[in-house]
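To start, the structure under review is shown below, and the notes come after it.
In what follows, residues are counted from 1 in the order of the sequence shown. Everything numeric in this text was worked out from a predicted model, so none of it was measured.
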Amino acid sequence: MQDWKPVAVPEMTALPRSVFLRTQVLPAGHGFPPHSHGWHQFVYATSGVLAVMVEDNWFCITPQQAIWVPAGTRHTTGALQTAAFRNLYVESRPGLPDDCRVLSVSALLRALIGELQRLGEAAARGEAEEAAYAARIDTLILDQLRRQPRHDFHLPWPRSARLHQMCTALYDDPADRRTLEQWGAALGASARTLTRHFEAELGLPLRAWRRRLRLFRALEWLTAGRPVTAIALDLGYASPSAFTYMFRRETGCPPMQWRLAQAESAGWPAAGP
């Protein structure tokens, strides 16, 4: 995920307003080079999946998540699959987070950002009534940003080339059942060395990371509207029922119920099983 086809960082020296919205579509495999801003950034995908590197830590986020990047923090963003995303550039205000974090995105905040996007052109033309309304939307967005809970679930990503190669292969094929010994033979390292480096870089054992990867890809594919049976098989489960058991254990509800709830709140495709 580190070899992005570069996309130019938008040139901005100052924010035109306290909350500035920028939308963009990134093709798969494209990303911005490392950079920083003089303002906070709130970024989330409305479709597709983004990978965000913040100070050498990788985070993969799906549309129900967002990354908060504080002002002055070096970061880069790329698309694992073609992704439409929205950036909120936010001036420093009391009560806003001063550390990088993965956040949930409430239905209200999504709606407010969508409304801000709708108003953008009218406000930019200087229409006084619309500009005043947009300013009130800005205030509500700032209130919501202070209230968004941390998201407990994200997928960390390694920095070293060897683990990057392994994790990329597993991301592309989560049904891959190779053991640490087999990975060690392929990568030129012992299983013990891989284990030690993996836990040091990602903060959890490979087995736990693979469970998290499968859930992450399940959320990604459910968001994209893929059939549950296809998801189960592509994740390496023997049957849809085995996948459903895992999904219910991790999220508290079966896959279709989760997708319908997300589609209702965010307008995602509620495809069939």
Side-chain angles (χ1 to χ4, degrees), residues 1-12 20-37 39 41-69 73-89 100 102-103 105 110 113-114 116-118 120-121 151 153-159 161 163-176 213-227 230-231 234-235 259 262-263 266-271:
M1 289 199 296
Q2 294 168 321
D3 298 325
W4 304 117
K5 294 180 181 177
V7 177
V9 177
E11 294 185 7
M12 289 184 62
F20 178 76
L21 175 66
R22 189 177 65 80
T23 64
Q24 188 162 349
V25 174
L26 275 181
H30 289 64
F32 300 101
H35 63 283
S36 62
H37 304 292
W39 45 80
Q41 183 175 1
F42 177 89
V43 56
Y44 79 101
T46 54
S47 65
V49 178
L50 294 174
V52 182
M53 185 186 74
V54 181
E55 296 181 340
D56 294 329
N57 295 310
W58 281 100
F59 301 90
C60 299
I61 53 173
T62 57
Q64 79 273 19
Q65 302 170 310
I67 285 281
W68 176 265
V69 183
T73 304
R74 192 167 176 80
H75 65 284
T76 186
T77 302
L80 298 180
Q81 54 179 235
T82 298
F85 69 98
R86 292 169 176 166
N87 277 308
L88 284 182
Y89 294 154
C100 178
V102 180
L103 299 172
V105 185
R110 283 195 295 266
I113 294 172
L116 191 63
Q117 182 177 9
R118 188 186 70 80
E121 293 185 5
H151 202 293
F153 176 78
H154 70 277
L155 185 68
W157 202 260
R159 297 183 294 275
L163 293 183
H164 170 78
Q165 179 181 342
M166 180 174 70
C167 289
T168 298
L170 291 171
Y171 185 92
D172 291 339
D173 181 15
D176 189 321
L213 168 68
R214 286 182 175 130
L215 178 58
F216 179 88
R217 297 238 65 184
L219 297 176
E220 174 189 342
W221 288 337
L222 284 168
T223 299
R226 290 190 62 189
I231 292 173
D234 286 347
L235 290 176
R259 174 152 62 197
Q262 299 300 319
W268 297 341

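- Across all non-hydrogen atoms, the minimal contact from Ala218 to Ile231 is CA-CG2, 4.1 Å.
- In this structure His30 satisfies the side chain to side chain donor-acceptor pair (under 3.5 Å) test with no other residue, sequence neighbours excluded.
- Looking at residues two or more places apart in sequence or on another chain, you find a ring-ring contact (aromatic ring centres under 6.0 Å, His included) between Trp39 and His37, Tyr89.
- Here Pro156 pairs with His154, Leu202, Leu204, Trp209, Arg212 under the side-chain contact (heavy atoms from CB on, under 4.5 Å) rule; sequence neighbours left out.
- Distance check: Thr77 OG1 to Gln41 CD gives 6.0 Å after rounding to the nearest 0.5 Å.
- Ala28 is linked by a side-chain contact (heavy atoms from CB on, under 4.5 Å) to Thr82, counting only residues two or more places apart in sequence or in another chain.
- In this structure, Phe85 has no ring-ring contact (aromatic ring centres under 6.0 Å, His included) partners at least two apart in sequence or on a different chain.
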- Message: Before you tell me yes or no, could you show the steps for His35 and His75 under side-chain contact (heavy atoms from CB on, under 4.5 Å), namely the whole-Å CA-CA distance, both residues' side-chain angles and the distance that decides it to 0.1 Å?
- Response: CA-CA 6 Å; His35 63 283; His75 65 284; 3.3 Å; yes
- Task: Please lay out, stage by stage, how Gln65 and Phe59 fare under the test side-chain contact (heavy atoms from CB on, under 4.5 Å).
- Result: CA-CA 11 Å; Gln65 302 170 310; Phe59 301 90; over 6 Å; no
- Begin from the C-alpha positions of Trp157 and Met53 and carry the test side-chain contact (heavy atoms from CB on, under 4.5 Å) through to its verdict. CA-CA 9 Å; Trp157 202 260; Met53 185 186 74; over 6 Å; no
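- Distance check: Leu222 CG to Arg217 CZ gives 12.0 Å after rounding to the nearest 0.5 Å.
- Without hydrogens or angle criteria, Arg259 side chain to Arg226 main chain gives a donor-acceptor distance under 3.5 Å.
- Of the inter-residue distances, the one linking Asn87 atom CG with Ile113 atom CD1 reads 10.0 Å to the nearest 0.5 angstrom.
- With sequence neighbours excluded, no residue forms a side chain to side chain donor-acceptor pair (under 3.5 Å) with Gln165.
- The aromatic rings of Tyr171 and Phe216 sit tilted, their planes meeting at an angle between 30° and 60°.
- With rounding to the nearest 0.5 Å, the separation of CH2 in Trp221 from CG in Asp234 is 5.0 Å.
- Pairing each heavy atom of His164 with each of Pro158, the nearest pair is N-CG, 3.7 Å.
- For the atom pair CG of Asp173 and OG1 of Thr168, the computed distance is 12.5 Å after rounding to the nearest 0.5 Å.
- Test Val52, Leu50, Leu103 against Ile67 for side chain to side chain contact (heavy atoms under 4.5 Å, CB included) and you get one pass: Val52.
- Here CG of Leu88 is found 7.0 Å from CG of Leu116. Values are rounded to the nearest 0.5 Å.
- Distance alone, capped at 3.5 Å, places no donor-acceptor pair between the Arg86 side chain and the Leu21 backbone.
- Heavy-atom minimum distance, Trp4 versus Ala51: CZ2-CB, 4.0 Å.
- Residues Ala79 and Pro27 share a closest heavy-atom pair of CB-O, 3.5 Å.
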